[in-house]
> 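What follows is a single structure, and I will ask about it in a moment.
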Amino acid sequence: MKYLDEFRDGAIARALADEIRQIVTKPWVVMEVCGGQTHSILRNGVDQLLPEGVELVHGPGCPVCVTPLEVIDRALAIAQKPGVIFCSFGDMLRVPGSSTDLFRVKAEGADVRIVYSPLDALTLARRDRDRQVVFFGIGFETTAPANAMAVKLASDEGLDNFSMLVSHVLVPPAIEAICRSKGNRVQGFLAAGHVCTVMGTRQYPAIAERYGVPIVVTGFEPIDLLEGIRRALVQLERGEARVENAYARVVSEEGNPAARAVLDEVFEVTDQSWRGIGRIPQSGWRLAPSYRGFDAAERFDVGAIRTVESPECRSGEVLQGLITPPECAAFGTVCTPRTPLGATMVSSEGACAAYFLNGRRKRGTNGVAAHA
Amino acid sequence: MCLAVPGRIEQISEAQGTRMGRVNFGGIVKEVCLAFVPEAQVGDYTIVHVGFALSTIDEAEARQTLETFRALGVLEEELSGDVEGGE
């Protein structure tokens, strides 16, 4: 990618960091919503370039982390049915259900396959009409258009051996839930660039106004992130709360109309449970009535499965920015990527995994997180 | 799975009634659905997520952003008297 190196330029990063140091007069808490941004921040040490008092907290933007346990258990139940080929993005396979995980049932003989795209699952369904092919359709607004399109194509082609276990989550209601939550410390948001690629920036002005929070649409390269942080801090210092687009090379106000049209056709908005957080009204997508025939939960009659989460894991508080991972007693002790207690440690995009893998084992190791 | 990666469209075709294309990600070429980027042409850069192109990259915007950043760098250099330059 011809711009990639330039958007990683160290001299520009230092200039942006200097600029940020000149702007800041008091402590601020800014949340990056997306797990991809969390990993880029920690991998590139973006947080360590920030002046003392500016704290980044990590948001709920990790689809693997927030997929409810009951949905994982439904996936496991379907994957173990005879004649089923169960397809999933790879990072869902290690997420523990109530008693097992997809890797283990695969090792025990279930036909679980890792695919790169929902189109790969469609290809399998076209190729093997005698088997039921089920795709695990999770993710945020970035992933949803692909999954919606796969269902639409299956419907158009009359592929009656394809179905999808759908558990989609939406970012704006989650931001609102965070703003409303008791003990919320987040004063400004870096909105996830690729969610906005699909949905546009137009979802956010009402939220920025209602809760008095700056929302800056931000990319994923180190200097994109520094620029997003800089713009949020400028607003905070001035007492402003607007939406700004710091990722305009990719994101427009209206988003992607073709993708949104397919989403509107195939999905409908519904209340959704978030693992670790709980139910957020109107924060998810399910199949619309005309596509309900492709709902794997109904086809395999596993919709009634309900489970209860273990109380030990504090990933829900991590996902809402209430604590940083090292504040959890289990972090790095009983809970590691090899022995994960919760989804934020399991997922490669989870905040706990990001802290662990980048050696941020203790609270305050970046010098900025020590003043809650 | 959340990663969306920029690549260059090398070829556009039609498969099962859907707009598809071959996209080059720094040497790795993959088959990608282009249904959501009807405006995209061969040679354009696009952001791809789970096999679907979601957006084309606006070169003018990219250049402008970089110029803004560079101006900032130059300014900073002048103010601080730092002659080291880049990395």
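Quantities reported herein were computed from a predicted structural model and do not represent experimental measurements.
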> With a 3.5 Å cut-off and sequence neighbours excluded, list the donor-acceptor pairs that the side chains of residues 24-31 of chain B form with protein atoms.
from: B:Asn24; atom 1: OD1; to: B:Gly26; atom 2: N; distance (Å): 3.3
from: B:Asn24; atom 1: OD1; to: B:Gly27; atom 2: N; distance (Å): 2.6
from: B:Asn24; atom 1: ND2; to: B:Glu10; atom 2: OE2; distance (Å): 2.9

> I'd like a table of donor-acceptor pairs (distance under 3.5 Å, sequence neighbours excluded) in which one partner is a side-chain atom from residues 38-45 of chain A, with atom names and distances.
from: A:Thr38; atom 1: OG1; to: A:Glu32; atom 2: OE2; distance (Å): 2.7
from: A:Thr38; atom 1: OG1; to: A:Cys34; atom 2: O; distance (Å): 3.3
from: A:His39; atom 1: ND1; to: A:Ser348; atom 2: O; distance (Å): 3.4
from: A:His39; atom 1: NE2; to: A:Ser348; atom 2: O; distance (Å): 2.6
from: A:His39; atom 1: NE2; to: A:Gly350; atom 2: O; distance (Å): 3.3
from: A:Ser40; atom 1: OG; to: A:Asn44; atom 2: ND2; distance (Å): 3.2
from: A:Ser40; atom 1: OG; to: A:Phe220; atom 2: O; distance (Å): 2.6
from: A:Asn44; atom 1: ND2; to: A:Ser40; atom 2: O; distance (Å): 2.8

> Between A:Asn256 and B:Phe36 (side chain of the first, backbone of the second, donor and acceptor by atom type, cut-off under 3.5 Å), is there such a pair?
yes

> Quick one: what part of A:Ile223 sits under 4.5 Å from any heavy atom of chain B, side chain, backbone, both or neither?
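Both parts, backbone and side chain.
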
> Working to the nearest 0.5 Å, report the span between OG1 of B:Thr65 and CD1 of A:Ile12.
10.5 Å

> In Å, rounded to the nearest 0.5 Å, how long is the span from CD1 of B:Ile57 to CZ of A:Arg249?
7.0 Å

> Contact part of B:Thr18 toward chain A, heavy-atom cut-off under 4.5 Å: side chain, backbone, both or neither?
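Side chain of B:Thr18 only, per the 4.5 Å heavy-atom cut-off to chain A.
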
> Give, as side chain, backbone, both or neither, the part of A:Val262 having an atom under 4.5 angstrom from any heavy atom of chain B.
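Side chain only.
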
> Going from OH on A:Tyr247 to CD on B:Glu61, what distance comes out if it is rounded to the nearest 0.5 angstrom?
12.5 Å

> Chain B heavy atoms under 4.5 Å from A:Val198: which part of the residue, side chain, backbone, both or neither?
side chain

> Search all heavy atoms of B:His49 against all heavy atoms of A:Thr142 and return the closest pair with its distance.
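Where B:His49 meets A:Thr142 most closely, the heavy atoms are CD2-O, 3.2 Å.
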
> In Å and rounded to the nearest 0.5 Å, what is the CD to CG distance from B:Gln16 to A:Asp156?
11.0 Å

> Looking at SG of B:Cys33 and CG of A:Leu122, how far apart are the two atoms once the value is rounded to the nearest 0.5 Å?
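That separation rounds to 10.0 Å.
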
> Are the side chain of B:Ser55 and the backbone of A:Thr197 linked by a donor-acceptor contact shorter than 3.5 Å?
no

> Below 4.5 Å from any heavy atom of chain A, which atoms of B:Leu54 appear? Answer side chain, backbone, both or neither.
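Both parts, backbone and side chain.
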
> Can you measure from CZ (B:Phe52) to CG (A:Leu119) and round to the nearest 0.5 angstrom?
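Separation between the atoms: 3.5 Å.
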
> Counting only non-hydrogen atoms closer than 4.5 Å, does A:Arg126 touch chain B with its backbone (N, CA, C, O), its side chain (CB onward), both, or neither?
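When you check distances to chain B, only side chain atoms of A:Arg126 fall under 4.5 Å.
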
> Looking at A:Ala146, A:Gly90, A:Ala258, which one has more heavy-atom pairs under 4.5 Å with chain B than the rest?
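Greatest number of close heavy-atom pairs with chain B: A:Ala146.
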
